[in-house]
Every structure is written in C-alpha cells, then in structure tokens.
There are 2 protein chains.
Amino acid sequence: MPDGSLWTALADPHRRNIIALLLERPRPVGEIVEACGLSQPSTSKHLKVLREAGLVRVHQQAQRRVYALDSAPIAELDAWLAPYRQLWNERLDALGRRLDATSDATDSDTPKD
Amino acid sequence: MPDGSLWTALADPHRRNIIALLLERPRPVGEIVEACGLSQPSTSKHLKVLREAGLVRVHQQAQRRVYALDSAPIAELDAWLAPYRQLWNERLDALGRRLDATSDATDSDTPKD
DNA sequence: CCTGTACATTCCTTGACCGGAATATAACCA
DNA sequence: TGGTTATATTCCGGTCAAGGAATGTACAGG
C-alpha cells in the first residue's frame with residue numbers, strides 16, 4: 001500500500017540516480033554498483049527501499065538479478081502533482097492577462113506585485 | 001539553486017500537508033499551526049524548510065506572515081517526471097495492444113503476467 | 001560436493017532530522 | 001516607551017536513516 005514510502009524513497013539522491021539509470025534500461029545489480037560508485041551492500045539496500053516503494057521490480061536471470069522501473073508509482077506522483085499543475089497554469093494564465101492588460105491600462109489596481 | 005532540497009522538503013508528510021493547505025489559499029502561520037496540529041515552533045521550522053526549498057513565499061501583512069505556494073518548483077518536479085511519464089505511456093500503450101490482441105488470439109505467449 | 005560468483009542481510013557507528021520547551025525578534029498599539 | 005501579539009530561532013533529547021565491514025544465501029560449473 002502506498003504510504004509515504006514513495007517520497008521517502010525518492011528523497012535520496014543516490015536512489016534518484018538509480019532510478020535514472022533504470023530509465024535507460026533494466027540493469028543487474030553489478031552494473032548499478034559500478035555506475036553509482038557505492039558499495040555493493042549499500043546499493044542493495046537502496047534497491048530494497050526502491051523495491052518496497054514499488055518503484056522497481058526484480059527479474060531473476062541466472063545468478064543475476066535484473067532491476068527494472070515500475071511505472072505505477074510514477075503515475076501516483078503525477079496524480080499528486082495534478083492540483084499544483086493547475087495552480088501554476090492559472091499563474092501563467094494570469095501573467096499573460098496582466099501583460100496583455102498593461103497595453104491599454106495604467107497600473108492603478110496593481111500595487112506592487 | 002535547486003539542489004536536492006526540493007525532494008527533502010516534500011519527503012515529510014507534515015510539509016506535504018502544509019503544501020496542500022496552501023493550495024487552497026494563502027494562510028498566516030497561526031492558521032497553519034491549527035490545521036496541522038503541530039506546535040508553533042515546529043510549524044515555523046517546517047515553513048523554513050519549505051521556504052528554503054523555494055516551495056513557498058512569505059508576504060508580510062501587519063504582524064502576520066502570510067505564506068503562499070510558489071509554483072516554480074512544482075514545474076521543476078513536473079520536468080523531472082516527464083521522462084518517466086513517457087515510460088508509463090509506452091506501458092499503457094503496450095497493454096492496450098495486448099488487450100486488443102486477445103480478441104482473436106489464444107493466450108499462448110502470455111504466461112502469467 | 002565444493003568452489004566461485006552475484007546479491008542480500010545484519011551489526012554497528014555516526015550524522016541528520018523531529019518535536020517540544022524556552023527564548024529571541026519584529027510589528028502594532030496605547 | 002512599554003506591552004501584547006505573531007512568528008522565528010536556539011537548545012536538547014530521542015529516533016531514524018546511511019554507509020562500511022562482515023556474514024549469509026542462492027545459483028552455476030567442474
């Protein structure tokens with residue numbers, strides 16, 4: 001169940017780095033270890049956090065464990081973001097109108113914003 | 001400059017709560033304190049984190065300090081999310097094709113996904 | 001069966017963060 | 001200027017996450 005673990009998982013730069021690596025293509029742990037410059041245990045622990053947050057999935061292949069992104073939580077983030085996206089659209093919209101209004105009006109009702 | 005402070009700021013549930021409150025409308029600190037159920041100092045500290053992450057702005061009004069959302073970092077988040085959004089669109093697309101294919105094909109190559 | 005490879009897990013120490021209490025600061029008002 | 005309200009900052013104890021070292025586990029090959 002998606003509690004706050006998604007945000008917690010993404011709060012760490014190394015984990016965001018791993019996520020970015022997996023965006024290019026799925027990778028076994030060894031590759032991630034090299035790319036991150038972290039120790040193998042530390043990397044495995046980060047992978048565990050990402051796994052428990054539902055951000056990645058493992059697919060065993062011989063002795064390798066190949067990690068890949070799972071897109072579901074990303075969608076969740078996007079859903080969280082939606083209301084704020086509206087806000088910023090309104091802002092841009094308002095800015096546009098203001099710029100437009102300055103063409104034929106004196107700044108009598110816009111104190112100092 | 002936006003370092004990782006944005007993610008760190010949003011990692012805390014209380015701070016996300018504050019953000020949600022400010023989405024409705026700008027509010028003075030006192031209101032936020034009541035709504036959060038946290039102590040005033042603790043709330044002020046969270047507000048400081050949000051401020052330093054660029055997520056909120058203060059507008060002094062008499063003795064009150066009215067906090068409001070700043071939309072810029074939200075846009076930043078959205079930009080970060082963009083590449084992953086692509087990934088998940090591809091997934092949905094693939095799913096759609098698979099559902100479509102099941103209409104005239106036996107499930108011979110879809111083991112247990 | 002034994003060895004090596006590829007990961008995961010545990011133990012431990014350190015540093016960061018959280019929350020509350022007390023205190024400091026700033027703005028308004030008489 | 002002194003007092004009150006509104007907010008910020010500091011200090012402090014407790015908790016939690018991160019990283020390294022050591023160890024455990026699973027799978028392949030000889």
Side-chain angles (χ1 to χ4, degrees), chain A residues 1-22 25-70 73 111-112, chain B residues 1-22 25-70 73:
Chain A
M1 268 301 171
D3 49 344
S5 64
L6 175 58
W7 289 101
T8 307
L10 290 172
D12 186 273
H14 289 134
R15 287 195 288 261
R16 288 199 302 277
N17 190 15
I18 292 177
I19 291 288
L21 287 170
L22 295 181
R25 55 187 152 88
R27 297 174 193 258
V29 178
E31 242 181 84
I32 303 175
V33 168
E34 272 195 61
C36 286
L38 285 175
S39 71
Q40 177 265 313
S42 189
T43 305
S44 269
K45 278 181 281 188
H46 283 302
L47 286 171
K48 179 175 187 175
V49 174
L50 291 172
R51 219 185 314 135
E52 290 177 345
L55 279 160
V56 301
R57 277 203 216 145
V58 202
H59 171 69
Q60 187 131 11
Q61 184 177 357
Q63 315 98 303
R64 307 255 170 80
R65 292 192 162 215
V66 181
Y67 278 80
L69 272 190
D70 189 344
K112 59 175 179 58
Chain B
M1 267 297 174
D3 51 344
S5 65
L6 174 59
W7 290 100
T8 307
L10 289 172
D12 185 271
H14 289 134
R15 287 195 287 261
R16 287 199 302 275
N17 190 16
I18 292 177
I19 291 287
L21 287 170
L22 295 182
R25 56 186 153 90
R27 297 172 194 259
V29 178
E31 241 181 84
I32 303 175
V33 169
E34 273 195 57
C36 285
L38 285 176
S39 72
Q40 177 267 314
S42 188
T43 305
S44 270
K45 277 181 282 188
H46 282 304
L47 286 171
K48 180 177 187 175
V49 174
L50 292 171
R51 219 186 312 135
E52 290 177 347
L55 279 161
V56 300
R57 277 204 218 143
V58 202
H59 172 69
Q60 188 132 11
Q61 185 177 357
Q63 318 97 303
R64 306 252 169 81
R65 292 191 160 214
V66 180
Y67 279 81
L69 273 189
D70 189 345

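All heavy atoms count here, side chains included; hydrogens, waters and symmetry mates do not. Below, chain A is the first sequence line, B the second, and so on; all start at residue 1.
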**Message:** Please classify the nucleic acid contact of K45(B) as base, sugar-phosphate, or nothing, using heavy-atom distances under 4.0 Å.
**Reply:** base

**Request:** Check whether any side-chain heavy atom of K45(A) lies under 4.5 Å from a side-chain heavy atom of Q40(A), and answer yes or no.
**Result:** no

**Fill in**
The residue, R65(A) or P41(A), whose nearest nucleotide of DNA chain D is more 5′ is P41(A)

**Message:** Check R27(A) with E34(A), please: is the shortest side-chain N to carboxylate O separation under 4.0 Å?
**Reply:** no

**Message:** Any non-hydrogen side-chain atom of C36(A) less than 4.5 Å from a side-chain atom of L21(A)?
**Reply:** yes

**Prompt:** Quick one: does L10(A)'s side chain get under 4.5 Å of L10(B)'s, heavy atoms only?
**Reply:** no

**Rounded distance in Å - CG (L50(A)) to P (dA18(D))** = 10 Å

**Message:** Counting C-beta onward and ignoring hydrogens, is there a side-chain heavy-atom pair between P41(A) and S44(A) closer than 4.5 Å?
**Reply:** no

**Request:** For R64(A) and dT25(D), give me the distance from atom CZ to atom P, rounded to whole Å.
**Result:** 23 Å

**Request:** Would you mind reading off the distance between Y67(B) atom OH and dT7(D) atom C1', rounded to a whole angstrom?
**Result:** 8 Å

**Complete:** Its 5'-most and 3'-most nucleotides having an atom under 4.0 Å from a non-hydrogen atom of chain A, DNA chain C is contacted over dA6(C) to dT10(C)

**Item:** Qualifying residue for side chain to side chain contact (heavy atoms under 4.5 Å, CB included) with I18(A), from I32(A), V49(A), L38(A), L55(A)
**Value:** I32(A)

**Asked** Does anything in residues 28-37 of chain B reach DNA chain C, meaning a heavy atom under 4.0 Å, and if so which residues?
**Response** none

**Request:** Please state how far atom CD in Q63(A) lies from atom P in dC27(D), giving the value in whole angstrom units.
**Result:** 10 Å

**Asked** For S42(A), which contact category applies under a 4.0 Å heavy-atom criterion: base, sugar-phosphate, or nothing?
**Response** sugar-phosphate

**Request:** Measure the distance from CG on L47(A) to P on dG19(D) and round it to the nearest whole Å.
**Result:** 12 Å

**Message:** Pick the closest DNA chain C nucleotide for H46(B) and for Q40(B) by heavy atoms, then say which residue is nearer the 5' end.
**Reply:** H46(B)

**Message:** Using whole Å, what does the distance between atom P of nucleotide dA17(D) and atom CG of L10(A) come to?
**Reply:** 15 Å

**Message:** How many whole angstroms separate atom CG of L38(A) from atom C1' of dG20(D)?
**Reply:** 11 Å

**Message:** Using a heavy-atom cut-off of 4.0 Å across all strands, would you classify S39(A) as base, sugar-phosphate, or nothing?
**Reply:** sugar-phosphate

**Message:** For a 4.5 angstrom cut-off between non-hydrogen side-chain atoms, does Y67(A) reach R57(A)?
**Reply:** no

**Prompt:** Can you find a heavy atom in the side chain of I19(A) that is under 4.5 Å from one in the side chain of V56(A)?
**Reply:** yes

**Note, V66(A) side chain near V29(A) side chain (heavy atom, < 4.5 Å)** = no

**Asked** DNA chain D: R51(B) or A62(A), which has the more 5' nearest nucleotide?
**Response** R51(B)

